[in-house]
Amino acid sequence: MKYKQMLAFRTVMLTGSVSAAAERIHISQPAVSNLIANLENSCGFLLFERRKGRLVPTPDAHHIYDSITKALSAFEKVSQTSHDIREQKSGSLRIACMPSLSNKFLPDVISEFLVDRNDVTISLQVQPSLKIQSWIATDLYDIGIAEMPLIHSGIECDLYTFKCVCCLPVGHPLLKHTIITPQELDNEPFISLSRDHMTFQQIKQAFAEAGANWKVRAESQLFWPAARLSQKGCGITILDPISIAGVTHFGLKTRPFLPEIDFKIGVLCSSEHPLSLLAEEFSKLLKKRLLEFSNL
């Protein structure tokens with residue numbers, strides 16, 4: 001029993017004639033007749049009798065009609081689902097993200113991705129980078145965005161490196177400089193990230209090599225509190241360009257900082273489990289938006 005046979009049968013039942021059925025499903029009348037005849041052979045009993053020039057469904061045809069209708073609906077649902085998967089219009093995504101990219105950057109990417117994807121659902125978890133790596137390695141989440149270095153095995157990683165910028169409150173005297181170096185920040189109050197953050201040792205080394213005093217007034221685990229402290233006049237800070245793009249309303253101005261302070265993150269997925277087409281499409285958009293910042 002084939003799909004076209006069942007479709008022809010249902011259409012004849014609905015329209016009451018072979019000619020009307022042929023017109024509706026866009027095939028010839030002989031083709032409809034052949035499909036009905038083949039279906040009758042497959043069933044082993046007559047489905048229609050011709051009386052006074054018209055087809056009359058047999059009681060057996062009425063009996064099998066509901067089953068064939070349900071089978072066609074199931075087939076059409078599978079076909080539609082396959083189409084939605086192929087066009088990345090249906091499905092679910094599990095995304096884990098480090099805190100600094102979860103406030104503005106990632107929500108913006110997700111909202112862009114969800115346009116015209118009403119049947120796509122996304123689960124977003126904000127976690128520390130090591131937790132994200134663990135989740136990706138064990139296939140608990142599809143895509144992860146985490147700070148480097150990569151600790152766990154079983155992970156594929158696309159690495160992105162960003163150049164951090166110096167952030168100063170509006171009106172700060174050092175804004176007269178087009179580039180900020182450790183010499184300009186000698187003895188200036190500074191808001192640093194925590195000592196285990198990748199930028200801490202880089203900044204410390206830059207000040208040491210320049211012979212400048214790195215006057216750390218406060219430490220913050222996350223970029224956003226550091227930005228807020230800087231805006232409130234507690235000190236100058238150095239942030240990655242993605243985080244600072246999310247805190248422009250804080251009243252901060254930026255200047256390039258030399259020597260360059262690298263901020264490295266990775267887009268992660270399991271090396272043991274393939275991504276869905278939907279996850280692959282989201283990953284492409286995510287990486288495209290990250291490249292816009294890495295090229296700054």
Side-chain angles (χ1 to χ4, degrees), residues 1-95 109-124 136 138-143 154 156 269-288:
M1 192 175 294
K2 298 180 179 179
Y3 172 77
K4 287 186 177 180
Q5 295 171 356
M6 294 189 291
L7 178 62
F9 167 75
R10 183 182 67 176
T11 310
V12 171
M13 290 287 286
L14 291 173
T15 62
S17 73
V18 171
S19 59
E23 183 177 353
R24 179 172 293 189
I25 60 179
H26 308 294
I27 61 175
S28 66
Q29 293 183 40
V32 173
S33 297
N34 286 334
L35 289 169
I36 296 297
N38 291 335
L39 181 59
E40 289 176 328
N41 289 334
S42 177
C43 292
F45 52 81
L46 289 177
L47 296 170
F48 298 96
E49 291 183 0
R50 186 170 292 279
R51 295 183 181 180
K52 298 180 181 180
R54 67 185 186 88
L55 289 181
V56 178
T58 66
D60 297 318
H62 286 291
H63 187 66
I64 202 173
Y65 176 78
D66 286 343
S67 295
I68 285 180
T69 299
K70 290 178 182 178
L72 286 171
S73 296
F75 183 92
E76 289 160 1
K77 183 177 181 180
V78 170
S79 179
Q80 182 62 49
T81 301
S82 298
H83 174 271
D84 290 344
I85 291 173
R86 185 169 61 253
E87 299 298 321
Q88 301 94 45
K89 297 291 186 180
S90 175
S92 60
L93 281 176
R94 303 164 300 172
I95 303 170
V109 176
I110 290 174
S111 63
E112 179 182 356
F113 184 75
L114 288 178
V115 173
D116 297 327
R117 287 185 170 95
N118 295 329
D119 293 325
V120 171
T121 59
I122 291 181
S123 171
L124 173 61
I136 295 297
T138 53
D139 199 38
L140 289 177
Y141 274 71
D142 302 308
I143 296 172
E156 289 185 5
C269 64
S270 171
S271 60
E272 305 298 325
H273 301 87
L275 287 176
S276 66
L277 292 177
L278 187 69
E280 287 182 355
E281 193 67 14
F282 179 81
S283 183
K284 289 178 185 177
L285 176 62
L286 173 62
K287 294 171 184 177
K288 179 180 179 181

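Side chains included, hydrogens not; waters and symmetry mates left out as well; all remaining heavy atoms used. Residues: numbered from 1 along the sequence shown.
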Query raised in the report: Are E280 and K287 within salt-bridge range, i.e. N to O under 4.0 Å?
Result: no
Of the non-hydrogen atoms in [X] and [Y], which two are nearest, and what is the gap between them?
X: C43; Y: I64; answer: SG-CD1, 4.0 Å
X: V109; Y: L286; answer: CG1-CA, 4.1 Å
X: A61; Y: M13; answer: O-CE, 4.2 Å
X: V12; Y: V32; answer: CG2-CG1, 3.8 Å
X: Y141; Y: S123; answer: OH-OG, 3.8 Å
X: D139; Y: R94; answer: O-NH1, 3.4 Å

Report task. Would you please test V18 and L55 for side chain to side chain contact (heavy atoms under 4.5 Å, CB included) and show each step? Result -> CA-CA 8 Å; V18 171; L55 289 181; 3.4 Å; yes
Going from [atom1] on [X] to [atom2] on [Y], what distance comes out if it is rounded to the nearest 0.5 angstrom?
X: I68; Y: F75; atom1: CD1; atom2: CZ; answer: 14.0 Å
X: D142; Y: S276; atom1: CG; atom2: OG; answer: 6.0 Å
X: R117; Y: F282; atom1: CZ; atom2: CZ; answer: 10.0 Å
X: I122; Y: I110; atom1: CD1; atom2: CD1; answer: 5.0 Å
X: Y65; Y: R10; atom1: OH; atom2: CZ; answer: 6.5 Å
X: R24; Y: S17; atom1: CZ; atom2: OG; answer: 9.5 Å

Report summary line: Only one of L14, L35, L47 passes side-chain contact (heavy atoms from CB on, under 4.5 Å) with F9, and that residue is L47
Query raised in the report: If we only count heavy atoms from C-beta on, is the L93 to T121 side-chain gap below 4.5 Å?
Result: no
Query raised in the report: Would you say the side chain of V56 lies within less than 4.5 Å of the side chain of R50, judging by non-hydrogen atoms?
Result: no
Query - Test side chain to side chain contact (heavy atoms under 4.5 Å, CB included) applied to F45 and H63, step by step - result: CA-CA 12 Å; F45 52 81; H63 187 66; over 6 Å; no
Check: [X] side chain, [Y] main-chain N or O, donor-acceptor pair, under 3.5 Å:
X: T11; Y: A21; result: no
X: S42; Y: N38; result: no
X: E281; Y: L278; result: no
X: S73; Y: T69; result: yes

Query raised in the report: Just wondering, are more than 12 heavy atoms of other shown residues or ligands nearer than 6.0 Å to CD in E23?
Result: no
Query raised in the report: Is the NE2 atom of H62 crowded by more than 12 outside heavy atoms at less than 6.0 Å?
Result: yes
